[in-house]
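To start, the structure itself, in structure tokens.
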Amino acid sequence: MDKLVIERSRPLTGTLTVNGAKNSVLPIMAACLLTDEPSVIEHVPMVTDVMTMLDILRQLGVQVAYAGSELRIHPDGFRGYVAPYELVSRMRASICLLGPLLARQGRASVSLPGGCVIGPRPVDLHLKGLQALGASIEIEHGYIMAECGRLKGSRIHLGGDRGSSVLATGNVMMAAALADGVSMIEHAACEPEVVDLADFLVSMGARIEGQGGSTIRVEGVERLHGSSRYRIISDRIEAGTLAMAAAMTGGSVTLEGARSDHLEAVIEKLREAGVQITVEPGRLRVKAADHLRAVNVTSLPYPGFPTDLQAQIMALLCLADGVSVITEKIYPERFLHVPELNRMGAAITREGATAVVKGMGQLSGAQVVASDLRASAALVLAGLAASTQTEVRGLEHLDRGYQNIETQLRQLGAHLVRVPEEQTVAPQPQETVVAQANGVPAPGQRNRRAKRYTRAERKQ
Ligand code: UD1
């Protein structure tokens, strides 16, 4: 296994283009099964979750071709109906195959995803929604075994104890698109990725209205056609992660393609923390605060602050002045990054679904292990801001959802390298040492006396 070796970063500067949204493309790939015609999807991120979904589609007999960021899916030979444990256990999002398999094949056998380090992730809403459309479902030998004749439109309430469900809304929307009659999905998830899926389905000939709101109307059609060319929205979680990287290193970064309308809660919190964010058509400009301020953050369903950025903003708030309270409303167990950040000098205490972050103004390098996808991003950000070298292990999580994040960060001036587990990398004799000798405060706490880098130094 590889690890990332990260040096304390100079202020990140420059421009990056945000990749396509992983959480959009996965259900959209599943939606391609709803027709026997080919579809072409653009702006697809090259991440391992996409590769896993491609493996599942191939096993189902589907032809796939992937070049650059363009994906062509042709379900010509689509015969299978099984999503096996080996693949589903690698990626929980495979549950979104359930709706399309049922709608096209009349049966589905999808492994239950099983445990997850970020806490329980039940599938009751998926099952309830598909049962309401007429599927009969049993759990046998760890598999969801579902059968149906032609599905029938229905009124479906998809609200759970923790609000709406993104992929359950997607599953029901996909199944309802080929059902007989009208379905009304109430308490639907409003996330931009749900809207993207609905828009993709519409591009295949589906009749869907209300996406983005809490009630979605789907009028079933006899058949759908392929989508000749569909472009995935940009990844709001990647954009948020990169914005925080800039803010944590005292930097100034432009994020091309970032959708400010998808990031309102994130922009608001970063501004509250003192980060300057300028919204321009098609891009965001992020400029670090002179001093980061503590803020309270609660993760909520969209348009609230996303749980998928909770770990990253926690890393940022470790550098702030004052005490921040972070409450996790979607996955109350999603705090495995806390002990790792504490090993880097953070002062975070956790009580149930709440973490109290006492901003220490700085972090120190350590050997840390990522437990899940977004926790791994938080540790990379912490490593950029830490005063000494950091090693992050568990990169298989990072690779599930970030396309070459280390290359992106290097383009902005960061020093980080991926090396095999056993290899060590000598610390860079760079600004880490100089900055400390000059009494420069930690990244995120710039002062006017900070060393000014020459253009040549910035290009290194
Ligand atoms: C999606 C995202 C994931 C994100 C999450 C919440 C994808 C591929 N993944 O996951 O990155 O963190 O939304 O924004 O899009 N729940 C139930 N019963 C169910 C389903 C969910 O109680 O049947 C609960 C979950 O435990 C959780 C909440 O509902 O507390 C939201 O989960 P959900 O929106 O379903 O997450 P996913 O769609 O799996």
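Just so you know, ligand 1 is whichever comes first in the structure, and atom 1 is the first atom listed for that ligand.
- Near R162, with a cut-off below 4.0 Å to any heavy atom, the atoms of ligand 1 are 30 (O).
- For N171 (side chain) and I95 (main-chain N/O), a donor-acceptor pair under 3.5 Å exists by modelled atom type.
- Between E191 and ligand 1, no N or O atom pair is found at a separation short of 3.5 Å.
- With Q312 contributing its side chain and G240 its backbone, the two residues share no donor-acceptor pair below 3.5 Å.
- With salt bridges taken as basic N to acidic carboxylate O contacts below 4.0 Å, one links E219 and R217.
- Ion pairing of E391 with R393 is present here, as a side-chain N (NZ or NE/NH1/NH2) and a carboxylate O approach within less than 4.0 Å.
- Of all atoms in ligand 1, listed by their number and element, those nearer than 4.0 Å to a heavy atom of H126 are 23 (O).
- Side-chain contact, D196 with Y230: a donor N or O sits under 3.5 Å from an acceptor N or O.
- At least one N or O atom of L125 sits closer than 3.5 Å to an N or O atom of ligand 1.
- Contact annotation for Y302 and ligand 1: no heavy atom of the residue comes within less than 4.0 Å of the ligand.
- With atom 17 (C) of ligand 1 as the reference point, the heavy atom nearest to it among A189, P122, A168, A21 is part of P122.
- No salt bridge links E193 with K22; every basic N to acidic carboxylate O contact stays at or beyond 4.0 Å.
- Residue contacts with ligand 1: R92 is placed with a nitrogen or oxygen under 3.5 Å of a nitrogen or oxygen of the ligand (distance criterion only).
- For ligand 1 and A93, the ligand atoms under 4.0 Å from any heavy atom of the residue are 8 (C).
- At least one donor-acceptor pair closer than 3.5 Å links the side chain of E328 to the backbone N or O of Y331.
- Near V166, with a cut-off below 4.0 Å to any heavy atom, the atoms of ligand 1 are 1 (C), 13 (O), 33 (P), 34 (O), 35 (O), 38 (O).
- Residue S164 has at least one heavy-atom neighbour below 4.0 Å for each of these atoms of ligand 1: 31 (C), 34 (O).
- At a 3.5 angstrom cut-off on N or O pairs, I330 counts as close to ligand 1.
- Using a 4.0 Å cut-off to heavy atoms of D308, the atoms of ligand 1 that qualify are 3 (C), 4 (C), 11 (O), 12 (O).
- In this comparison of G163, S165, P27, the heavy atom closest to atom 33 (P) of ligand 1 sits on S165.
- K128 NZ: more than 12 foreign heavy atoms inside a 6.0 Å radius.
- Considering backbone and side-chain atoms together, L167 places an N or O closer than 3.5 Å to an N or O of ligand 1.
- Ionic pairing of E264 and R236 is not present here: no N-O contact between side-chain nitrogen and carboxylate oxygen is shorter than 4.0 angstrom.
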